[in-house]
Amino acid sequence: MKPRILIIDDEPGFATLLKRLLEDLELYEVRIATTGREGLAAARDFRPHLILLDMLLPDMNGGEVSQMLAADSALRDARIVFLTALSARQQTLRYVGGRPLLAKSGKIDPLLAFIRDQLEGHIAQNARARRTVKADPEPRPS
């Protein structure tokens, strides 16, 4: 199973571009939501491993969405990365409420690398699980 990524962002051009770039890697399954409420519903349905969450949405801010996700026992293990429209000069990694905050502006490659790093453990764990299943012999009748 591919790691699932949910992009919650009200900028359709950015969200669609990022979704396409991530899907082109053929490593992830990706969905987009454009409001906080839509994102919460999509998260409950999609069960993402990683949520890329814009800080400013039309109906609520990213902090509110993050709190609601953390309060949901089925979603609290999803990694959340906040996105913001900082200037390209402010590409350094920052944290808000213990969660990474990344700039949407500027180069996309650092964002893709960060996403890969966030999900690398999940990808490796799934690969090990697939190898283990293939290596296990079929049970022999007694």
Side-chain angles (χ1 to χ4, degrees), residues 1-140:
M1 170 171 61
K2 293 180 181 179
R4 294 177 300 277
I5 300 172
L6 175 61
I7 302 167
I8 305 175
D9 196 301
D10 63 333
E11 293 181 37
F14 172 78
T16 302
L17 172 65
L18 185 56
K19 179 180 190 287
R20 187 182 49 114
L21 291 170
L22 289 166
E23 287 178 337
D24 285 351
L25 297 172
E26 298 182 359
L27 297 173
Y28 314 111
E29 187 177 341
V30 185
R31 287 195 190 168
I32 296 174
T34 57
T35 67
R37 284 178 180 62
E38 185 182 306
L40 290 166
R44 289 182 189 109
D45 177 57
F46 187 50
R47 307 285 181 174
H49 298 100
L50 177 69
I51 299 171
L52 302 172
L53 178 56
D54 191 5
M55 287 297 294
L56 296 174
L57 296 164
D59 57 344
M60 60 181 75
N61 68 51
E64 293 169 321
V65 175
S66 174
Q67 288 176 345
M68 291 178 192
L69 291 166
D72 188 322
S73 62
L75 299 172
R76 71 172 51 126
D77 291 333
R79 292 184 174 124
I80 297 173
V81 175
F82 288 120
L83 300 174
T84 188
L86 293 172
S87 72
R89 292 186 310 236
Q90 297 171 306
Q91 286 289 327
T92 58
L93 179 62
R94 298 177 183 199
Y95 289 85
V96 173
R99 300 188 190 279
L101 171 69
L102 299 174
K104 293 191 287 185
S105 58
K107 297 179 181 176
I108 198 87
D109 289 337
L111 178 57
L112 293 174
F114 188 83
I115 291 166
R116 184 187 63 244
D117 290 346
Q118 290 291 299
L119 291 170
E120 195 169 81
H122 181 78
I123 293 168
Q125 181 180 3
N126 280 347
R128 282 191 302 273
R130 282 193 298 272
R131 283 193 302 270
T132 302
V133 169
K134 288 179 182 177
D136 286 344
E138 299 245 349
R140 295 182 188 182

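Please read these numbers as outputs of a predicted model, since none were measured by experiment.
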(request) Would you indicate whether the side-chain heavy atoms of Tyr28 and His49 approach each other to under 4.5 Å? (result) no
(request) To the nearest 0.5 angstrom, please state how far the CD atom of Glu11 sits from the CG atom of Leu18. (result) 11.5 Å
(message) If I compare all heavy atoms of Ala78 with all of Pro48, which pair ends up nearest, and what's the gap?
(response) CB-O, 3.4 Å
(request) Take Leu22 and Leu112 through the side-chain contact (heavy atoms from CB on, under 4.5 Å) test and state the conclusion after the steps. (result) CA-CA 8 Å; Leu22 289 166; Leu112 293 174; 3.7 Å; yes
(message) Looking at every non-hydrogen atom in both residues, tell me the closest pair between Arg99 and Ala70 and how far apart they are.
(response) NH2-CB, 4.1 Å
(message) I'd like to know whether CZ of Arg31 has more than 12 heavy-atom contacts from other residues, nucleotides or ligands below 6.0 angstrom.
(response) yes
(request) Report yes or no: does Glu64 contribute a side-chain atom to a donor-acceptor pair with the main-chain N or O of Asn61 at less than 3.5 Å? (result) yes
(message) A quick test of your reading: do over 12 heavy atoms of other residues, nucleotides or ligands sit less than 6.0 Å from CG of Leu56?
(response) no
(message) So Arg20 and Asp24, do their side chains get closer than 4.5 Å, heavy atoms only?
(response) yes
(request) Could you pull out the closest heavy-atom pair between Glu38 and Ile32, with the gap in Å? (result) OE2-O, 3.9 Å
(message) For Gly63 versus Phe82, what's the shortest heavy-atom pair and its separation?
(response) N-CE2, 4.1 Å
(request) Just do the side-chain contact (heavy atoms from CB on, under 4.5 Å) check on Asp9 and Lys104 with the steps written out, would you? (result) CA-CA 10 Å; Asp9 196 301; Lys104 293 191 287 185; 2.9 Å; yes
(request) Would you check if the side chain of Thr16 reaches a backbone N or O of Pro12 as a donor-acceptor pair within less than 3.5 Å? (result) yes
(message) I'd like to check Leu119 versus Ile5 (side-chain heavy atoms, cut-off strictly below 4.5 Å). Are they in contact?
(response) yes
(request) Answer yes or no: is there a donor N or O on one side and an acceptor on the other, between the side chain of Asp59 and the main chain of Arg37, under 3.5 Å? (result) yes
(request) For Arg47, check salt bridge (Lys or Arg N to Asp or Glu O under 4.0 Å) against everything at least two apart and list the hits. (result) none
(request) State, to 0.1 Å, how close Thr35 and Pro58 come at their nearest heavy-atom pair, and which atoms those are. (result) CG2-CG, 4.1 Å
(message) Assess the residue pair Ile7 and Val30 against the criterion (side-chain contact (heavy atoms from CB on, under 4.5 Å)); give the C-alpha distance rounded to whole Å, side-chain angles, the decisive distance to 0.1 Å, and a yes or no.
(response) CA-CA 7 Å; Ile7 302 167; Val30 185; 3.7 Å; yes
(message) Within the 4.5 Å heavy-atom criterion, are Leu69 and Leu40 side-chain neighbours or not?
(response) yes
(request) Measure across Thr34 and Asp10 and return the closest heavy-atom pair with its distance rounded to 0.1 Å. (result) O-CB, 3.4 Å
(request) Find the distance between CE (Met60) and OG (Ser66) and round it off to the nearest 0.5 Å. (result) 12.0 Å
(request) Please assess Leu53 against Leu6 for the test side-chain contact (heavy atoms from CB on, under 4.5 Å), listing each intermediate value before the final yes or no. (result) CA-CA 8 Å; Leu53 178 56; Leu6 175 61; over 6 Å; no
(message) Could you measure the distance from the CG atom of Asp109 to the CZ atom of Phe114? Nearest 0.5 Å is fine.
(response) 15.0 Å
(message) How long is the straight-line distance from CD1 of Ile8 back to CG of Leu52, given to the nearest 0.5 Å?
(response) 9.0 Å
(request) May I ask you to test the Leu102-Leu83 pair for a side-chain heavy-atom distance under 4.5 Å? (result) yes
